[in-house]
Q: 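Please find one structure pasted underneath; my questions will follow.
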2 protein chains.
Amino acid sequence: MTRSTEDGGRRIRRVTLADVARRAGVDKAVVSRVVNNDPLLNIRPETRARVLAAIKELDYRPNAAARSLRTTRTGTVGLFIPDFANPVYAEIITGAETAAAARDCVLMVGSSTAGGSARGYLDLLGPGRVDGLLLAGGAITDEEQAVLADRGLPWLFVNRRGGGGRHVVLADGLAARIAVEHLVELGHRRIAHVGGPADADTAQRRRDGYAAALRAGGLAEDPRLIVQGDYEPDGGARAAHRLLDGPEPPTAVFVANVTAAIGVLSALQAHGLSVPDQVSVVAVHDLPLAAHLVPPLTTVRMPLQALGARAVELLLSAPADQPVEEVVRDPIELVVRHSTAPPPH
Amino acid sequence: MTRSTEDGGRRIRRVTLADVARRAGVDKAVVSRVVNNDPLLNIRPETRARVLAAIKELDYRPNAAARSLRTTRTGTVGLFIPDFANPVYAEIITGAETAAAARDCVLMVGSSTAGGSARGYLDLLGPGRVDGLLLAGGAITDEEQAVLADRGLPWLFVNRRGGGGRHVVLADGLAARIAVEHLVELGHRRIAHVGGPADADTAQRRRDGYAAALRAGGLAEDPRLIVQGDYEPDGGARAAHRLLDGPEPPTAVFVANVTAAIGVLSALQAHGLSVPDQVSVVAVHDLPLAAHLVPPLTTVRMPLQALGARAVELLLSAPADQPVEEVVRDPIELVVRHSTAPPPH
DNA sequence: CTGAAAGCGCTTACAG
DNA sequence: CTGAAAGCGCTTACAG
């Protein structure tokens, strides 16, 4: 029987498997198998048609909680990110969401801005909520990793090489080399680097790529040209100021992140330096607004959506007890705009 | 008994209420009531202590699916947004997430970039997943609203006045007035407006606020100074170009959205106009990067986090069968930077 | 080819 | 003050 509850005039029906079974004149088990497309089910076409009709007429939708309880599968994947305001994660989320939907899964994104640590997020989730957890970004402590392992939940680091040997990353080193080689080809010889946060794995890989590109170009690394920043405009601006206070300023800056590069651009202007006439700037990650900065920023576009999508696929398909270490190899593209040019004179 | 399954060498224990009850020497019902802090439970302190100890020793966590099935409450609220890349939603999400966590709830955010429509998102969710749905932004059709009503799920529009009379919004009109009054006070008399998308309710309210401020300042509305844009840099740039192609260009521009204003700034530069010497620019919504634009952008900071938080609170507490129409009254603040100045000569 | 039954892990009226 | 029992809505081995 379809239960109807009057809730202040608003009818809240809840249609169950049993309702459909009754209507179609079959057992619940049959309906369940039809709903789930059980390949082992051998059913007369007309019976199936009757079931399908009943489902449609009653507008039946399986209850996710009941299903999860029975199967211990929830059909949702968790994604933990440091901050929704960082546009880089927006693209990762979009890719992950699409991949999840393609597998009839739903994505649950949490950030550390609200819940605090990944650990707090895990506690909030508890068992029976997600089938696995994606952890993006750099703010994961060893303690949190231990908790993860203890929960018996499949997990995967996204663009961060974790201790557990379960991660999917982008070729950040390659991205850095592409950026720096672009500057070398333009003729720059004093190429500075505004790096990312010390604890970010991406920052380290980009810094390594920077070093490799300098070597490949026959240029010596100058420690005074390497300053640490973060992935925010303020941090980029502060880093640029430190760089320009040095004795012999660079003719080009490779910034580890596009958001930080916004701060770098403004700091250069504040120092009275013209981009790209006096200093060139190139950054990792492209953004719609990069084309509208002054000057339009040259960037290296990363396959962030592919990263998010691949992360979901691996989480749902790779065995949870074995290492996964994958580098997403989708194309990385140099987007040349107007912030890079040959060095002055 | 604690069931242990060997999963490729990884032990996946699942501790249930029954395990805790056995260990503490009480009935499952007692443990359940202790876990849920049932005020009607009259229990000897030492018994409670024994239960609590058992919970801790076994590291018991209630299974969310089982709980949901029994109570028909999921402890999760859904939030549907148009696009994760829009930084405005990042702040709303953060506020909503915090408010949800404060109520031991989890937030599930979905976007239309992946799933398509709000309807597709609802279908993906199905029953038993969320206790209610928050719908932010403007891309909601009447058909979707009908589906919503049919699902028997509490819902609330966020910063959009929906047909159903269930919404929480910001004082967008006031924000527009604050911005335009700032320009009027600086002495501007030809104040243009780059508006938002035609179907966005926020765009309409900001436009109304713009009109009201002009009237209050004794200025006539000039239709040639009002152009439609959207909430993206490209749209802002295109709108600004159209504005400047007119016969008598404005001395100031009020932009409906900070992201669009980035495009407006670049378009003004492309026309050889200096900001703020020749044209002033002010926009709704503040962003960390606004301080690093060239020139640093004057904005109107909106209480977006408060909006997100209030939305969750209302969704979870307001009766689902009655209209809710609330305007969040947290302070709206003019952030004066360097993109606004008195008009030339 | 289809049905009956057990059970996933909880909560909640009810009994004592 | 605590326990026994029913049941939320499914799925899945098993019986016939």
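Labels below follow one simple rule: chain letters A, B, ... track the order of the sequence lines, proteins then strands, and each chain is numbered from 1. Since the model is a prediction, treat every value here as computed from it, not as a measurement.
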Q: Tell me which residues in residues 60-74 of chain A put a heavy atom below 4.0 Å from DNA chain C, sorted by number, or none.
A: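 Hits under 4.0 Å, by residue number: A/Leu69, A/Arg70.
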
Q: Just how far, in rounded Å, is P of C/dT2 from CG of A/Leu41?
A: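 For the pair A/Leu41 CG and C/dT2 P, the rounded distance is 8 Å.
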
Q: With sugar-phosphate meaning primed atoms plus P, OP1 and OP2, does B/Leu17 contact a base, only sugar-phosphate, or nothing at under 4.0 Å between heavy atoms?
A: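 Result for B/Leu17 = base.
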
Q: Any luck finding a side-chain donor-acceptor pair between A/Gln305 and A/Thr98 under 3.5 Å?
A: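 Short answer, no.
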
Q: Only pairs under 3.5 Å count here: list side-chain donor-acceptor contacts from residues 313-320 of chain B, not counting sequence neighbours, and write none if there are none.
A:
unit_1	atom_1	unit_2	atom_2	d
B/Glu313	OE1	B/Arg310	NH1	2.9
B/Ser317	OG	B/Glu313	O	2.7

Q: Just the rounded figure in Å: distance from P of D/dT12 to CG of A/Leu40.
A: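 The distance from CG of A/Leu40 to P of D/dT12 comes to 10 Å, rounded to the nearest Å.
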
Q: Within a strict 4.5 Å, meaning less than it, do heavy atoms of the A/Phe80 and A/Leu122 side chains meet?
A: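 Not touching, per the 4.5 Å side-chain cut-off.
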
Q: Please determine, for the side chain of B/Asn42, which listed nucleotide (D/dT11, C/dT2, D/dC1) has the closest atom?
A: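 Given the options D/dT11, C/dT2, D/dC1, the side chain of B/Asn42 is closest to D/dC1.
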
Q: Among D/dC10, C/dT2, D/dG3, which is the nearest nucleotide to the side chain of A/Val30?
A: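 For the A/Val30 side chain, the nearest candidate turns out to be C/dT2.
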
Q: Report the nucleotide, chosen from D/dT12, C/dT12, C/dT2, that has the shortest atom-to-atom distance to any side-chain atom of A/Ala29.
A: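 Selected nucleotide: D/dT12.
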
Q: Give a yes/no answer on whether the side chain of A/Ser32 brings an N or O atom under 4.0 Å of OP1 or OP2 in D/dC10.
A: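 Answer is no, no contact under 4.0 Å.
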
Q: Do B/Thr71 side-chain atoms and B/Arg67 backbone N/O form a donor-acceptor pair below 3.5 Å?
A: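 The answer is yes, because a donor-acceptor pair under 3.5 Å joins these two groups.
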
Q: Atom CG of A/Asp27 and atom P of D/dG16: how far apart are they, to the nearest Å?
A: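 Roughly 15 Å, once rounded to whole Å.
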
Q: State which of D/dT11, C/dC10, C/dC14 makes the closest approach to the side chain of B/Arg33.
A: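 The answer is C/dC14.
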
Q: Pair up each side-chain donor or acceptor in residues 39-56 of chain A with any protein partner under 3.5 Å, not counting sequence neighbours, and list the distances.
A:
unit_1	atom_1	unit_2	atom_2	d
A/Arg50	NE	A/Ala24	O	2.9
A/Arg50	NH2	A/Ala24	O	3.1

Q: Which side chain to side chain donor-acceptor pair (under 3.5 Å) pairs, counting each pair once, include a residue from residues 74-84 of chain A, with sequence neighbours left out?
A: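 Listed by first then second residue: A/Thr74-A/Asp131.
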
Q: Answer yes or no: is there a side-chain heavy-atom contact under 4.5 Å between A/Pro127 and B/Arg14?
A: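 The answer is no; the side chains never approach within 4.5 Å.
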
Q: Can you list everything that forms a salt bridge (Lys or Arg N to Asp or Glu O under 4.0 Å) with B/Asp38? Sequence neighbours excluded, please.
A: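 Applying salt bridge (Lys or Arg N to Asp or Glu O under 4.0 Å) to B/Asp38 gives B/Arg33.
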
Q: Where the side chain of A/Lys28 is defined as all heavy atoms beyond and including C-beta, which of D/dG9, C/dA6, C/dG3 is the nearest nucleotide?
A: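 Of D/dG9, C/dA6, C/dG3, C/dA6 is nearest to the side chain of A/Lys28.
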
Q: State whether the distance check finds a donor on one side and an acceptor on the other, under 3.5 Å, for side chain B/Arg22 versus base D/dG3.
A: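 Result: no qualifying N/O pair found.
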
Q: Counting runs of three or more consecutive pairs, Watson-Crick or G-U wobble, with each distance below 3.5 Å, where are the stems of DNA chain D?
A: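 Ordered by first number, the stems with DNA chain D (at least 3 consecutive pairs each) read C:1-3 with D:14-16, C:5-12 with D:5-12, C:14-16 with D:1-3.
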
Q: What nucleic acid atoms does B/Asp38 come within less than 4.0 Å of, heavy atoms only: base, sugar-phosphate, or nothing?
A: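 No contact at all - B/Asp38 keeps every heavy atom at 4.0 Å or more from the nucleic acid.
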
Q: Roughly how far, to the nearest 0.5 Å, is CG of A/Leu79 from CG of A/Leu107?
A: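 If we round to the nearest 0.5 Å, A/Leu107:CG and A/Leu79:CG are 5.5 Å apart.
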
